[in-house]
Enquirer: 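Just passing along the structure, written as structure tokens.
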Amino acid sequence: SSGINAEYGGSQTKPSLSLSISTLKATKMSVVQFGQHLAKATQVFFQSELSIGLVNLKPVVPGHVLIVPKRVVPRFKDLTKEEVSDLWNSANYVSVEIEKIYKGDGLTLCIQDGPNAGQTVFHVHIHVIPR
């Protein structure tokens, strides 16, 4: 656990974060719906009110993680404004720690929104990729 106590997006509720990737804490869930897939709870390393962070099972580089809304929706346009805010605030919060842990000097944050954009898991998610 990183022991982070930073303010999170102006919210009173601080997310729980365990970014020691080798010693992930499982949440109370046994599995998490991720589009058409079921992710094991041990893949969950972050949780906010409306989003979770998942360890990517097919990372492009070490430290490549996914930030996912808890509600399963296929497209970005389907999110509520609260979910959009929480999703991006969560990505920002996690990306700061990922960059520190993996000693990067940059990040790629992206969403593949729809089949023509390369989306293969039909549940909105932000890729956080340290560089």
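The structure displayed is predicted, hence computed values, not measured ones. Count residues from 1 along the sequence. Basis for what follows: all heavy atoms, side chains included, without hydrogens, waters or symmetry-related copies.
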Enquirer: Among Ile, Leu, Val, Met, Phe, Trp and Tyr joined by side-chain contacts under 4.5 Å, find the other residues sharing a cluster with Phe122 and list them by chain and number.
Expert: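 Via sub-4.5 Å side-chain contacts, Phe122 links to none.
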Enquirer: Sorted by first residue and then second, give each salt bridge (charged side-chain N to carboxylate O under 4.0 Å, His left out) pair with at least one member in residues 114-131; sequence neighbours left out.
Expert: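 Residue pairs passing salt bridge (charged side-chain N to carboxylate O under 4.0 Å, His left out), neighbours aside: none found.
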Enquirer: Tracing side-chain links under 4.5 Å among I, L, V, M, F, W and Y, which residues wind up in one group with Val72?
Expert: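 Direct or chained contacts put Val72 with none.
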Enquirer: Without swapping roles, check the side chain of Glu99 against the backbone of Gly106 for a donor-acceptor pair under 3.5 Å.
Expert: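 It does hold such a pair.
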Enquirer: Would you please name every residue forming a side chain to side chain contact (heavy atoms under 4.5 Å, CB included) with Asp78, sequence neighbours left out?
Expert: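 Residues passing side chain to side chain contact (heavy atoms under 4.5 Å, CB included) with Asp78: Val73, Pro74, Arg75.
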Enquirer: For the atom pair NZ (Lys58) and OG1 (Thr120), what is the distance rounded to the nearest 0.5 Å?
Expert: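 If I round to the nearest 0.5 Å, the distance is 7.5 Å.
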Enquirer: To the nearest 0.5 Å, tell me how far Gln43 CD sits from Leu38 CG.
Expert: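 Gln43 CD to Leu38 CG: 10.0 Å, rounded to 0.5 Å.
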Enquirer: Examine Val68 and Val32 and state if one hydrophobic cluster contains both, with Ile, Leu, Val, Met, Phe, Trp and Tyr joined whenever side-chain heavy atoms are less than 4.5 Å apart.
Expert: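 Same hydrophobic cluster.
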Enquirer: Kindly indicate whether the side chain of Phe46, heavy atoms from C-beta on, has any atom under 4.5 Å from the side chain of Leu54.
Expert: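 Not in contact.
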Enquirer: Kindly work out whether a path of hydrophobic side-chain contacts (I/L/V/M/F/W/Y, heavy atoms less than 4.5 Å apart) joins Val55 to Ile101.
Expert: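 Yes: a chain of side-chain contacts under 4.5 Å links Val55 to Ile101.
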Enquirer: Using ring-ring contact (aromatic ring centres under 6.0 Å, His included) as the criterion, list what pairs up with His127, not counting sequence neighbours.
Expert: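 Result, ring-ring contact (aromatic ring centres under 6.0 Å, His included) vs His127: His64, His125.
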Enquirer: For the residue pair Ser51 and Ile67, what are the closest heavy atoms and their distance?
Expert: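 Scanning both residues, the minimum pair turns out to be CB-CG2, 4.4 Å.
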Enquirer: Which one of Ile52, Leu79, Asp86 satisfies the side chain to side chain contact (heavy atoms under 4.5 Å, CB included) criterion with Pro69?
Expert: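 By the side chain to side chain contact (heavy atoms under 4.5 Å, CB included) criterion, Pro69 pairs with just one of Ile52, Leu79, Asp86: Leu79.
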Enquirer: Please check if the side chain of Gln119 supplies one atom and the backbone of Gly114 the other of a donor-acceptor pair under 3.5 Å.
Expert: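 Yes, because the side chain of Gln119 sits within donor-acceptor range (under 3.5 Å) of the backbone of Gly114.
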Enquirer: At their closest point, which heavy atom of Ala91 faces which heavy atom of Leu109, and how far apart are they?
Expert: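 Closest heavy-atom pair between Ala91 and Leu109: CB-CD2, 4.2 Å.
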Enquirer: Is there a donor-acceptor pair closer than 3.5 Å between any side-chain N or O of Lys70 and the backbone N or O of Gln47?
Expert: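 No, Lys70 side chain to Gln47 backbone: no donor-acceptor pair under 3.5 Å.
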Enquirer: Here's a test for you: under side chain to side chain contact (heavy atoms under 4.5 Å, CB included), which of Ser95, Cys110, Ser90 qualifies with Val128?
Expert: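 Among Ser95, Cys110, Ser90, the one meeting side chain to side chain contact (heavy atoms under 4.5 Å, CB included) with Val128 is Ser95.
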Enquirer: Between the side chain of Glu97 and the main-chain N/O of Val94, is any donor-acceptor distance below 3.5 Å?
Expert: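 No: the side chain of Glu97 does not pair with the backbone of Val94.
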Enquirer: Report the distance from atom NE2 of His123 to atom CD of Gln33, rounding to the nearest 0.5 Å.
Expert: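 Reported value, rounded in 0.5 Å steps: 8.5 Å.
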Enquirer: Give, for atom OG1 of Thr80 and atom CG of Leu87, the distance between the pair rounded to the nearest 0.5 Å.
Expert: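 CG of Leu87 is found 10.0 Å from OG1 of Thr80.
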Enquirer: Just wondering, do Glu82 and Leu50 contact through their side chains at under 4.5 Å, heavy atoms?
Expert: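 In short, these two side chains touch, coming nearer than 4.5 Å.
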Enquirer: With sequence neighbours excluded, tell me which residues meet side chain to side chain contact (heavy atoms under 4.5 Å, CB included) with Ile111.
Expert: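 Here the qualifying residues are Phe76, Trp88, Asp113, Ile126.
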